[in-house]
Enquirer: 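Structure below; questions to follow.
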Amino acid sequence: MPNPRLSEKRWKISKEKEIAEKWQAENLYAKPTIKGKLFVIDTPPPYASGRWHMGGAIHYSQIDMIARYWRMAHGNTWFPLGIDRNGLPIEGRVEKDYKLKAHDTPRGKFLELCKTTLDKYENNIRDVMTLMGLSVDWSEPYRTDSPDYRTLTQSTFIELWKKGLIYEATKPNNWCPGCQTTLADAEVEHKTVHSHLVYLKFQLKEGGTIMIATSRPELLAACQAIIVHPDDEKYKEYQGKTAIIPIFNREILITPRQEAKTDFGTGAMMVCSYGDVNDVNLFRDMKLTETIVIDKAGKMNKLAGKYQGQFNLKARKNIIEDLKSEGFVEKIEEIEHDIPICWRSKDALELISLPEFYLKQMEFTEKIRELSDEIIFHPSWMKRPLIDWIDAVSQDWPISRRRFYGTPVPIFYCPDHGAWVPETGKYYESWDLVLPCPECGKDSKGDKRVLDTWMDSSVSALKVSQYDKDKEFFDKAFPVFLRPQAKDIIRTWLFYSLLRVYQITGEKAFEHVWISGHVTDTHGKKMSKSIGNVLYPETFVEKYGADAVRFQGAAETKLGADIRVNEERIRGAKKFVQKLYNVARFISMFEKPLTEDDSLLKSSDKWILSELSKVIKKSIEGYEEMDMFIPATEIRNFVWDTFAPHYIELVKTRAYDGDQGAIITLNLVLKALLKLLAPIIPFMTDAVYRELYGESVHTQKIPIVEIEEEHPTERLKAFNEKVWGAKKEKGISLKEKIELDVPLELKLYESDLIAMHHLKK
RNA sequence: GGGGCUAUGGUCUAGUGGUUAUGACGUCGCCCUUACACGGCGAAUAUCCCCGGUUCAAAUCCGGGUAGCCCCACCA
């Protein structure tokens, strides 16, 4: 056996590290210089508030596959990186890690702790990204908490303020008692809880009683009306009468309103500030006076009388007891209903009125729907959740947060001239800053609040396209080629990005949007620390290599579906990487062919090349749809089911004899396979390509279809299987001779078949 | 209450009108055939969720269910 040029018998996964370093040294993934259209990827800036698990590793590997393919197929691709560092998650992490409360800690000190903690997690993310072989350009990562990035956020704020799209208003909004801040609707999740529906008798001033059902009896003190449906015969005579609130003995009016449903509870409903959004609307429409009885910590305030100081759940329990003992309770039903909770802390939300800044979005929803029709979604049905959310948007976006680690609201207050905004293009640490009023020069203090972190990340498309830095680059890069992201942030990151970028540029932010499912554990369960099913990438990379982890990430499920991490499958992927290496090693035994002259090719050679052409075509189609499942499985099946067992066996003898046709073909196929798989398994393919062909595979062009001929592939395979079966049946070894005729339709390949099977006539 | 996705051998999965229904893992035989035993050859294992319909023909199209996951929605 001749010496293979690939000397190592096995592919050593420890080589992945060397290769990654080589990529760095050669600066392979640098920002393209400007010529023609630029393909910029609006990489999701990972949030640096915790150790990265398999979810991040696989998600970003998939994005990397798109980036690598696009670079090889279309050139001019830039895969930058940002790190998201603003907002609640890091504050929560710091409060937990250091066992303190942000509101009780000096602001400067707290911000410093956030920074250090962020750096720690950011390093972990970078390590994992390097480990996974991401082809990001590390040279200029942006951080959303850097003065540079925050300048962009503030400048866009100032622009929109001047356009009149931002205003301050006091209206009831989602309040998280745990995080001590207002939240946007997009940050609200729902949870089903067991609760009680309490039927209460209200005395009427005019005599008699009316019964209402409520799940929030602790809000009785805030009750301002009872409504009944205008057509409800049961309550016709009650309309306009006055009821007396139990315990608090305040008088309220019974009013007919369409909103009351005759078939729920008793048909009569109390309206309090604020049990839910329905109440908010009724207060507004009926011009009721709001009475807030729950404070910002979630405790009852002094308006709640004897219940003051109790958390609302506790107060609810107590008031039910009191109502019972005073004979107001008719009955109590067990119910299940959904309550709004905070996306971060999972605390139950209250509706509280506070002055906040709002960004107008109601008047833009129609436009965003139109823009979304101009964007190609991968997969197409993922547009649905976005449209659903657009339809669900019901109020403007509250963008100010009563928190600390965020971009400060760039608003200053002159004692004489009121709120004003400074010039764009600079960073303002407003909470710690006093500026002279542009009108009168008087000291103007900055606002103490910060912006919703989505105000920062929603302009990432502008950041990566150099909107604020490089006009020439921006013109070539905008709208941004691709927004890849996970499905759980459609209503936040995707929606807000489309909104904000449109408000600034008047255009769609992206040409393509690629949305992936969740990465789950082996059983399809979301990974979570409390369940204890969290898997970390380092373990798998160490055992099977990043190539194998990536391959399973590509070959596991189709576009948009959830991805299950499965160790068995990663092991299977490792086998495939090894199999391909073995094929390459076999081919490397023969001297590199001097020409690629196709007049030297035999029928068998043309057969495998036309099979290869089909695989290339299908793979490219898959890659263009950004669905790596297609190339991964197509190529895998081709290598394992066609190329290795049939073609290689067919031409082995010829190749050992030094036949150029066979050797040229083997190399052509190998090169094509390495290139086609390079986006998915970048390490092994690069090592082999460099060793055999002297260049990096990642700087190659994706191959195009070369030969298309009709060949009886299935019959060829069937014949081989027939011979193997026959030898097996006779109990003879494969190298023994056997008497069999080559069928007529396979005459073209007769000489190879005879040599392969040791046929005799 | 509305919507999306999914439903195929023990497990996972391919398959958008005609196939002996793919492949992987696992199981069971046989084999170190000069790239590969992390391999090769072969075997067993499927009422293609249920009920109707369209069609010469349905896993595949249509209607209606059921189950799981997810999203949206003010049932007090």
Side-chain angles (χ1 to χ4, degrees), chain A residues 1-2 4 6 9-11 189-190 197-198 212-216 219 226-227 259-261 263-272 274-282 335 337-338 340 351 379 381-392 394 487-488 490-491 517-518 520 522-526 544 548 552 555-558 560-562 564 566-569 571-589 629-630 633-634 636-637 640-641 644-645 648-649 652-653 655-656 666 720-721 723-725 727-729 731-736 756-758:
Chain A
M1 170 178 156
L6 291 175
K9 208 164 170 195
R10 301 226 165 278
W11 166 245
E189 292 179 358
H190 290 87
L197 190 57
V198 185
I212 63 103
T214 178
S215 61
R216 304 279 312 260
L219 293 179
I226 287 176
I227 61 168
E259 288 86 348
K261 290 191 180 127
D263 57 353
F264 188 88
T266 64
M269 162 188 168
M270 68 176 198
V271 184
C272 316
Y274 294 102
D276 57 27
V277 181
N278 199 17
D279 286 337
V280 174
N281 295 335
L282 284 165
I335 55 161
H337 67 163
D338 282 2
L351 288 155
W381 53 265
M382 275 293 187
K383 196 194 312 196
R384 192 75 242 163
L386 174 67
I387 300 295
D388 285 349
W389 178 248
I390 292 173
D391 288 342
S394 62
K487 69 180 179 189
D488 53 350
I490 289 175
R491 62 183 184 171
H518 291 300
T520 70
T522 317
H523 309 289
K525 283 243 157 54
K526 212 172 168 176
Y544 309 106
Q552 108 90 47
E556 175 61 18
T557 41
K558 60 183 170 193
D562 289 350
R564 294 185 187 198
N566 186 320
E567 180 155 5
E568 304 263 294
R569 272 158 231 284
R571 194 182 301 136
K574 164 89 199 309
K575 283 193 199 172
F576 174 63
V577 173
Q578 181 61 44
K579 179 77 179 177
L580 187 66
Y581 181 83
N582 291 336
V583 167
R585 188 163 176 270
F586 169 72
I587 294 170
S588 80
M589 286 194 303
F629 177 86
I630 294 170
T633 48
E634 280 293 329
R636 182 183 193 287
N637 292 345
W640 224 310
D641 301 339
I648 290 186
E649 294 302 329
K652 212 177 237 178
T653 315
Y656 279 125
L666 286 168
N720 288 338
E721 274 151 24
V723 180
W724 287 325
K727 287 191 175 176
K728 176 142 217 128
E729 205 166 302
I732 61 175
S733 120
L734 289 180
K735 62 185 168 187
E736 278 192 64
M756 170 182 181
H757 294 298
H758 312 282

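Hydrogens, waters and symmetry mates play no part in the numbers below; they use all other heavy atoms, side chains included. Note on naming: letters A, B, ... go to the chains in the order of the sequence lines (proteins, then strands), and numbering restarts at 1 for each one.
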Enquirer: Does the side chain of A/Ile648 reach to within under 4.5 Å of the side chain of A/Leu666, using non-hydrogen atoms?
Expert: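 A side-chain contact exists here, since the closest heavy-atom pair is under 4.5 Å.
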Enquirer: Between A/Met756 and A/Asn720, is any pair of side-chain heavy atoms under 4.5 Å apart?
Expert: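 They are in contact (side-chain heavy atoms under 4.5 Å apart), so the answer is yes.
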Enquirer: Which residues pass the ring pair (Phe, Tyr, Trp, His ring centres under 6.0 Å) test with A/Tyr544, sequence neighbours left out?
Expert: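 Partners of A/Tyr544 by the ring pair (Phe, Tyr, Trp, His ring centres under 6.0 Å) criterion come out as none, since no residue qualifies.
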Enquirer: Under a 4.5 Å cut-off applied to non-hydrogen side-chain atoms, are A/Leu282 and A/Met269 in contact?
Expert: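 When only atoms from C-beta onward are counted, A/Met269 and A/Leu282 do touch, with a gap below 4.5 Å.
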Enquirer: Compare the minimum distances between each of B/C5, B/C38, B/A76 and the side chain of A/Lys261, then state the nucleotide with the smallest one.
Expert: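 The closest nucleotide is B/A76.
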Enquirer: Using the C1' atom as the reference point in each nucleotide, state the distance between B/A44 and B/G9 in Å, no decimals.
Expert: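 Here B/A44 and B/G9 have their C1' atoms 10 Å from each other.
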Enquirer: How many whole angstroms separate atom NZ of A/Lys383 from atom C1' of B/G3?
Expert: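 It is 16 Å, rounded to the nearest whole Å.
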Enquirer: Expressed in angstrom and rounded to an integer, what is the separation of A/Lys727 atom NZ from B/G40 atom P?
Expert: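 After rounding, the gap between these two atoms is 18 Å.
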Enquirer: Compare the minimum distances between each of B/C74, B/C36, B/C70 and the side chain of A/Arg10, then state the nucleotide with the smallest one.
Expert: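 My answer, after comparing the listed nucleotides, is B/C36.
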Enquirer: Is there a side-chain contact between A/Gln578 and A/Arg10, using heavy atoms and a 4.5 Å cut-off?
Expert: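 Yes - at least one pair of side-chain heavy atoms lies under 4.5 Å apart.
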Enquirer: Between the protein and nucleotides 27-29 of chain B, which nitrogen or oxygen pairs come in under 3.5 angstrom?
Expert:
unit_1: B/G29; atom_1: N2; unit_2: A/Lys728; atom_2: NZ; d: 3.3

Enquirer: Can you work out whether A/Pro645 or A/Met269 has the more 5'-proximal nearest nucleotide on RNA chain B?
Expert: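 Looking at the nearest nucleotide for each, A/Pro645 comes out on the 5' side.
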Enquirer: Checking only heavy atoms, does the side chain of A/Asp279 share a donor-acceptor pair with the base of B/A76 at less than 3.5 Å?
Expert: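 By the distance-only test, no, there is no pair.
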Enquirer: Nearest of B/A73, B/C74, B/G3 to any side-chain atom of A/Asp338?
Expert: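 My answer, after comparing the listed nucleotides, is B/A73.
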Enquirer: Counting any heavy atom closer than 4.0 Å, what does A/Asp488 reach on the DNA or RNA strands: base, sugar-phosphate only, or nothing?
Expert: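 Touches nothing.
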Enquirer: Just checking A/Arg571: base, sugar-phosphate only, or nothing, at a heavy-atom cut-off of under 4.0 Å?
Expert: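 Answer is nothing: A/Arg571 stays at 4.0 Å or more from every strand.
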Enquirer: If you measure from the P atom in B/U8 to the same atom in B/U27, how many Å do you get, rounded?
Expert: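 Their P atoms lie roughly 22 Å apart.
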Enquirer: Mind jotting down which residue pairs meet the salt bridge (charged side-chain N to carboxylate O under 4.0 Å, His left out) criterion with at least one end in residues 382-391 of chain A? Sequence neighbours excluded, please.
Expert: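 The answer is A/Arg369-A/Asp391, A/Asp373-A/Lys383, A/Arg384-A/Asp388.
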Enquirer: Within this structure, what is the CD-to-P distance between A/Gln578 and B/G40, rounded to whole angstrom?
Expert: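 Atom-to-atom, A/Gln578 to B/G40, this comes out as 12 Å.
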Enquirer: Determine: side-chain N/O of A/Lys579 to OP1/OP2 of B/G40, distance under 4.0 Å, yes or no.
Expert: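 So the side chain of A/Lys579 is within the cut-off, an N or O lying under 4.0 Å from OP1 or OP2 of B/G40.
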Enquirer: Which part of the nucleic acid, if any, lies within contact of A/Ala213, taking any heavy atom under 4.0 Å across all strands shown: a base, the sugar-phosphate backbone alone, or nothing?
Expert: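 If one applies the 4.0 Å heavy-atom cut-off, A/Ala213 turns out to touch a base.
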Enquirer: Identify whether any heavy atom of A/Glu721 sits under 4.0 Å from a base atom; if not, whether one sits that close to sugar-phosphate; answer base, sugar-phosphate or nothing.
Expert: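 Contact class for A/Glu721: sugar-phosphate only.
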Enquirer: Using atom CD1 of A/Ile630 as one end and atom P of B/A14 as the other, report the distance to the nearest whole Å.
Expert: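 Computing the A/Ile630:CD1 to B/A14:P distance gives 11 Å.
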Enquirer: Check the angle between the aromatic planes of A/Trp11 and A/Tyr581 and answer parallel, tilted or perpendicular using the 30° and 60° thresholds.
Expert: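 Ring orientation of A/Trp11 relative to A/Tyr581: tilted.
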Enquirer: Can any side-chain N or O of A/Lys579 pair as donor or acceptor with the backbone N or O of A/Arg636 at less than 3.5 Å?
Expert: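 Judged by distance alone, no pair lies under 3.5 Å.
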Enquirer: Tabulate protein N/O versus nucleotide N/O from nucleotides 8-13 of chain B, keeping only pairs under 3.5 Å, one per line.
Expert:
unit_1: B/C12; atom_1: O4'; unit_2: A/Arg569; atom_2: NH2; d: 3.3
unit_1: B/C12; atom_1: O2'; unit_2: A/Arg569; atom_2: NH1; d: 3.4
unit_1: B/C12; atom_1: O2'; unit_2: A/Arg569; atom_2: NH2; d: 3.4

Enquirer: Only Watson-Crick and G-U wobble pairs, only distances under 3.5 Å, only runs of 3 or more: what stems does that leave for RNA chain B?
Expert: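 Runs of three or more consecutive pairs: B:1-7 with B:66-72, B:10-12 with B:23-25, B:27-31 with B:39-43, B:49-53 with B:61-65.
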Enquirer: For A/Lys487, enumerate each residue passing the side-chain hydrogen bond (donor to acceptor under 3.5 Å, both in side chains) test, keeping only those at least two apart in sequence or located in another chain.
Expert: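 In terms of side-chain hydrogen bond (donor to acceptor under 3.5 Å, both in side chains), with neighbours along the sequence ignored, A/Lys487 is linked to A/Asp562.
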Enquirer: Rounding to an integer number of Å, can you tell me how far A/Met756 CE sits from B/U34 P?
Expert: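 One finds 14 Å between P of B/U34 and CE of A/Met756, rounded.
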Enquirer: Would you name the heavy atoms of A/Val583 and A/Ala644 that are closest together and state the gap between them?
Expert: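 Looking at all heavy atoms of both residues, the shortest contact is CG2-CB, 4.4 Å.
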Enquirer: Closest to the A/Trp381 side chain: B/C38, B/G23, B/C5?
Expert: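 Taking heavy atoms from C-beta onward, the closest nucleotide is B/C5.
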Enquirer: Side chains of A/Lys9 and A/Arg585: closer than 4.5 Å at any heavy-atom pair?
Expert: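 Side chain of A/Lys9 against side chain of A/Arg585, heavy atoms only: contact under 4.5 Å found.
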Enquirer: I'd like to know whether A/Asp279 forms a side-chain contact (heavy atoms from CB on, under 4.5 Å) with A/Leu351, so could you lay out the CA-CA distance, the side-chain angles of the two residues, the decisive distance to 0.1 Å, and finally the verdict.
Expert: CA-CA 10 Å; A/Asp279 286 337; A/Leu351 288 155; over 6 Å; no
Enquirer: Using the side-chain heavy atoms of A/Thr214, tell me which of these nucleotides is nearest: B/C36, B/A76, B/A73.
Expert: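 The closest nucleotide is B/A76.
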Enquirer: Tell me which of A/Leu197 and A/Trp724 sits closer to the 5' end of RNA chain B, going by the nucleotide each one is nearest to.
Expert: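 The answer here is A/Trp724.
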Enquirer: Does A/Ala644 reach a base, just sugar-phosphate, or nothing at all? Heavy atoms under 4.0 Å.
Expert: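 Base contact.
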Enquirer: Have a look at A/Lys652 and say if it touches a base, only the backbone sugar-phosphate, or nothing, with a 4.0 Å heavy-atom cut-off.
Expert: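 Base, at least one base atom sits under 4.0 Å.
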Enquirer: Below 4.0 angstrom from OP1 or OP2 of B/G40, is there any side-chain N or O of A/Trp640?
Expert: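 For A/Trp640, the contact criterion (side-chain N or O under 4.0 Å from OP1 or OP2 of B/G40) is met.
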